[in-house]
Amino acid sequence: MSVRDDVCGACRPAWLQLPPACAARFACVLQRAHHGSHQDLTGHTWYVTTELAEALAVDLAAHRLRNLAEEARG
């Protein structure tokens, strides 16, 4: 099995995966260092930036902290 170094190869983050699970695991087939959205071999696209991932992580953490505070208040 050969590995192609001319394609992006990025995989969809777990929080963007859609059913069926196997289809959501296809890597990006676009040229390495492409601009814009990633695209898998089925034509599905996704777009992720570091800023978006960080914002989502902060939002999820804040939501969890709110829930913990509410549980502590009883």
**Study point:** Within 6.0 Å of NE2 in H34, more than 12 heavy atoms from elsewhere
**Key:** yes
Review point. When rounded to the nearest 0.5 angstrom, what distance separates CZ in R64 from CZ in R66?
Key: 12.0 Å
**Study point:** Straight-line distance of L65 CG to E70 CD, nearest 0.5 Å
**Key:** 11.5 Å
Check your understanding: Within the side chain of R32, is there an N or O that forms a donor-acceptor pair under 3.5 Å with the backbone of D5?
Key -> yes
Revision key, fill the gap. SG of C28 to CG of L41, rounded to nearest 0.5 Å, is 10.5 Å
Check your understanding: Can you tell me if CD on Q31 sees more than 12 non-hydrogen neighbours from other groups inside 6.0 Å?
Key -> no
Review point. What's the spacing between D6 CG and L30 CG if we round to 0.5 Å?
Key: 11.5 Å
Review point. Does some side-chain heavy atom of C11 sit less than 4.5 Å from a side-chain heavy atom of F26?
Key: no
Practice item. Mind checking the OG1-NE2 spacing from T45 to H38? Nearest 0.5 Å is all I need. Key: 10.5 Å
Point to revise | Shortest non-hydrogen contact from V7 toward V29 | key: CG1-O, 3.7 Å
